[in-house]
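Please read these numbers as outputs of a predicted model, since none were measured by experiment. Heads up: numbering here begins at 1 and tracks the sequence. Just so you know, these numbers use all the heavy atoms, side chains as well, and skip hydrogens, waters and symmetry mates.
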Amino acid sequence: GDSCLKAGGRPFSPGMLAARALPLLALLAIAHCAAASNVFAATSNVHKLFSVEKLLASHLRDYYKFQSENLRSLLDVASALEAATPPPSEVLQTVGDSFQVIDRVITAVNTIHAVLAPQGTSLEAFLASKEKIIPNADDLIGAANSVLRLQRTYNLSTAELMPTGSARQYLTVGRQAYRQADFPSAIDWFSAALASHPNVTERGEATDYLAYCLFRAGNLTGAISLSREVLALQPDNARVADNLEYYESLLSPQASNLVYTPLAQDRNFSDDNQLGHSEEEMLTFRRLCQGQVFYEPPEPLFCQYETYGNPALLLKPAKIEHVTLGIENMRLLREFATPAECDALRSVASDRLERSVAYAESGQFEPVNFRISTVAWLEESVAEIVARLNRRIAQWTNLDVSESELLQVSNYGVGGHYEPHYDFFGEDKKKGLANGDRLATFMLYLTNVAQGGATAFPRLGARSFPSQGDAAYWINLMGPALEGNPNTLHGACPVLLGSKWVANKWIHEGANEGFMAAHEELTFGSYSW
């Protein structure tokens with residue numbers, strides 16, 4: 001008898017079967033325990049076995065009902081997947097399109113695992129074969145972070161970002177805003193969830209979160225009203241009851257000695273500034289992303305054709321548009337590559353893309369949240385187009401690229417970004433580099449971007465928007481000592497609509513010793529606007 005009690009554990013409460021089906025092997029184990037008790041030795045055991053018989057029948061019916069409901073849930077998932085419309089083309093995708101596809105696939109896969117727990121089946125084999133492409137919970141969190149980053153950068157509403165989202169999807173983004181202590185944004189998303197025909201569970205969760213967020217934002221009356229709604233749905237929720245009592249105490253006549261200060265009335269941008277720049281610089285960065293320009297040149301900007309005395313450029317000189325003046329001399333090289341060349345380079349890189357990395361606090365290059373993109377490093381042997389563009393970069397910049405880094409192709413999907421950063425390594429890091437620091441940055445835009453995706457320089461007050469075939473080019477170092485120029489702080493604004501592809505070439509000091517000597521008169525200068 002003791003062995004059966006140890007194996008069988010505690011009795012099942014009525015709610016347990018609703019939450020988790022009793023495995024058939026466990027049911028058979030009950031019958032085995034009864035049979036192992038020498039039933040034939042005493043008539044009293046017959047009554048025990050009869051009870052087990054009835055219990056077995058009851059559990060079998062519950063199990064059948066549970067599995068029937070599970071199969072119906074699979075049909076619901078299949079219907080939802082079949083009814084899903086394809087996302088727009090890459091150049092017209094929005095963050096809502098991306099988020100909803102990820103959410104649908106994650107929901108479907110989780111349902112399959114929860115319902116069938118398939119082992120050794122063709123379905124399990126299919127899921128295993130798609131493991132690299134099927135998103136997981138971290139992907140969904142990353143997508144939610146992208147939504148919030150776009151909302152804060154471009155000051156957009158939930159309707160503008162995800163006009164056709166479901167209550168579950170709005171809840172997902174709202175929970176992430178809550179975790180980031182961005183309560184005003186969380187209020188937007190939980191309110192959207194409540195306006196999107198949530199089921200009872202979703203309504204309870206959204207109302208619960210929203211009540212607390214309103215309290216944090218200073219809306220005590222709203223927090224009290226919603227807390228009462230939660231308690232109407234969940235009368236045994238002691239936490240909400242305690243919160244309600246506290247909220248009401250703050251409004252009572254006896255609360256005159258209590259000081260209540262709203263904790264979070266403004267959006268929290270800290271998650272978008274993981275590199276720790278000043279609030280002023282990040283505000284300027286966001287405004288540049290939105291399309292504003294603050295740069296005031298000391299003399300009129302101009303465009304020019306340039307051959308650098310190179311015969312190869314006589315028939316087709318470099319088309320240069322000066323965006324800033326000074327040592328960094330940020331320029332746009334117009335019509336550097338043809339659309340066909342841009343598409344060819346993307347095609348070569350597409351199968352080689354991997355999650356981008358950056359120099360982290362650990363002292364290693366690793367994936368980081370302040371840079372969300374995928375990259376591929378291309379050697380000239382990979383394709384003729386790589387060698388051709390490398391030669392042209394040398395011609396159009398008048399620099400020796402023989403000791404530069406490999407051509408790097410990057411893809412920023414919807415919400416993809418790179419917080420403001422420097423391209424140069426600085427004195428400490430460049431000591432171990434045989435070819436010196438990054439003298440110049442060349443960035444070729446391989447696609448047009450419908451909205452967002454600008455390259456912004458918050459200390460210069462300048463920016464450039466992606467235009468297929470054009471390239472941005474600037475000098476990272478200054479002075480005879482080739483020090484890093486702090487004015488070159490720049491970032492990739494998050495992509496709002498479409499897909500951003502760029503090809504970067506970092507040209508090192510190595511074979512360009514004479515370049516800076518010819519420009520020693522250009523030294524660091526501060527800009528104001």
Side-chain angles (χ1 to χ4, degrees), residues 93-96 98-99 101-103 106 132-156 161-162 169 172-186 188-189 264 266-279 281-286 288-289 353-376 408-423 425 429 449 452-456 458 489-496 499-502 504:
Q93 282 182 27
T94 68
V95 68
S98 300
F99 186 89
V101 171
I102 292 173
D103 177 75
I106 288 178
K132 290 186 176 181
I133 194 172
I134 291 177
N136 56 32
D138 288 339
D139 292 308
L140 190 60
I141 290 175
N145 285 336
S146 294
V147 172
L148 292 169
R149 187 181 307 114
L150 289 169
Q151 181 181 26
R152 291 186 288 250
T153 300
Y154 299 109
N155 195 27
L156 299 172
L161 284 165
M162 290 176 60
Q169 292 165 348
T172 298
V173 181
R175 282 192 294 265
Q176 196 59 20
Y178 174 87
R179 295 186 189 105
Q180 296 175 3
D182 182 5
F183 297 107
S185 296
D188 292 342
W189 292 100
D266 298 321
R267 297 195 192 277
N268 185 353
F269 293 93
S270 60
D271 202 69
D272 304 332
N273 185 21
Q274 298 189 19
L275 294 178
H277 298 294
S278 70
E279 291 185 10
E281 284 181 335
M282 292 306 295
L283 176 59
T284 300
F285 176 71
R286 290 192 296 272
L288 289 168
C289 291
L353 293 173
E354 296 181 355
R355 172 70 190 270
S356 59
V357 298
Y359 195 78
E361 293 182 356
S362 63
Q364 304 293 325
F365 284 93
E366 58 188 44
V368 288
N369 288 331
F370 58 77
R371 183 186 188 186
I372 305 298
S373 63
T374 54
V375 302
Q408 182 203 73
V409 175
S410 299
N411 176 220
Y412 295 82
V414 176
H417 76 121
Y418 197 165
E419 285 185 20
H421 61 282
Y422 302 109
D423 281 353
F425 293 110
K429 296 176 185 176
V449 179
T455 305
L489 181 74
H490 65 285
C493 299
V495 176
L496 180 58
S499 180
K500 175 184 176 182
W501 288 75
V502 298
N504 294 302

Taking the side chain as every heavy atom from C-beta outward, state whether Pro420 and Met282 have any pair of such atoms under 4.5 Å apart. yes
Between Asn145 and Gln176, is any side-chain donor less than 3.5 angstrom from a side-chain acceptor?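 Result is yes, a qualifying pair exists.
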May I ask you to test the Tyr412-Thr374 pair for a side-chain heavy-atom distance under 4.5 Å? no
Taking C-beta and beyond as the side chain, do Thr455 and Lys500 meet within less than 4.5 Å on heavy atoms? yes
Using every non-hydrogen atom in the two residues, find where Ala186 and Gly174 come nearest and quote the distance to one decimal. CB-O, 3.9 Å
Distance, nearest 0.5 Å, that separates CD of Glu419 from CG of Asp272: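 Answer rounded to 0.5 Å: 7.0 Å.
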If every non-hydrogen atom of Leu353 is compared with every non-hydrogen atom of Val409, which pair is closest and at what distance? CD2-O, 4.0 Å
Is there side-chain contact between Gln151 and Val173, with at least one heavy-atom pair below 4.5 Å? no
I'd like to know if Asp188 and Arg267 make a salt bridge, using a cut-off of under 4.0 Å between side-chain N and carboxylate O. yes
Considering all heavy atoms, the nearest Ala144-Thr172 contact: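 Closest heavy-atom pair between Ala144 and Thr172: CB-O, 4.4 Å.
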In plain terms, say whether Arg149 and Asp271 are close enough for a salt bridge, that is, a side-chain N and a carboxylate O under 4.0 Å apart.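 No.
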Worked check of side-chain contact (heavy atoms from CB on, under 4.5 Å) between Arg355 and Glu366: CA-CA 9 Å; Arg355 172 70 190 270; Glu366 58 188 44; over 6 Å; no
Is a donor on one side and an acceptor on the other found under 3.5 Å between the side chain of Asp139 and the backbone of Asn136? yes
Minimum heavy-atom separation for Gly96 and Met162, please, with both atom names. CA-CG, 3.6 Å
Testing Cys493, Pro494, Cys289 for side chain to side chain contact (heavy atoms under 4.5 Å, CB included) with Leu150, which one passes?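 Among Cys493, Pro494, Cys289, the one that satisfies the side chain to side chain contact (heavy atoms under 4.5 Å, CB included) with Leu150 is Pro494.
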So CG of Leu156 and CG of Leu496: to nearest 0.5 Å the spacing works out to 6.0 Å
Mind checking the CG-CG spacing from Asp138 to Leu140? Nearest 0.5 Å is all I need.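 Atom-to-atom, Asp138:CG and Leu140:CG are 9.5 Å apart.
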Does Gln93 form a side-chain contact (heavy atoms from CB on, under 4.5 Å) with Ser499? I'd like the steps, not just the answer. CA-CA 7 Å; Gln93 282 182 27; Ser499 180; over 6 Å; no
So which heavy atom on Ser185 is nearest to which on Leu148, and how close? CB-CD2, 4.2 Å
Answer yes or no: is there a donor N or O on one side and an acceptor on the other, between the side chain of Asn268 and the main chain of Phe183, under 3.5 Å?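 Pair absent, no side-chain N/O of Asn268 close to backbone of Phe183.
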Indicate yes or no: at least one non-hydrogen side-chain atom of Arg371 is less than 4.5 angstrom from one of Ser410.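 SC-SC contact between Arg371 and Ser410 confirmed.
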Can you tell me how far the CD1 atom of Ile141 sits from the OG atom of Ser146, to the nearest 0.5 Å?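 Answer for the CD1-OG pair, Ile141 versus Ser146, is 12.0 Å.
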Could you check whether the rings of His421 and His490 sit parallel, tilted or perpendicular, using 30° and 60° as the cut-offs? tilted
Glu281 vs Leu489 side-chain heavy atoms within contact, under 4.5 Å: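 Yes, their side chains come closer than 4.5 Å.
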What's the spacing between Asn411 CG and Ser356 OG if we round to 0.5 Å?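 Going from the CG atom of Asn411 to the OG atom of Ser356 covers 10.0 Å.
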Is there a side-chain contact between Phe269 and Arg286 (heavy atoms, below 4.5 Å)? yes
Shortest non-hydrogen contact from Val368 to Ile372? O-CD1, 3.8 Å
Answer whether the closest heavy-atom distance between the side chains of Trp189 and Leu161 falls below 4.5 Å.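 Side-chain contact under 4.5 Å: yes.
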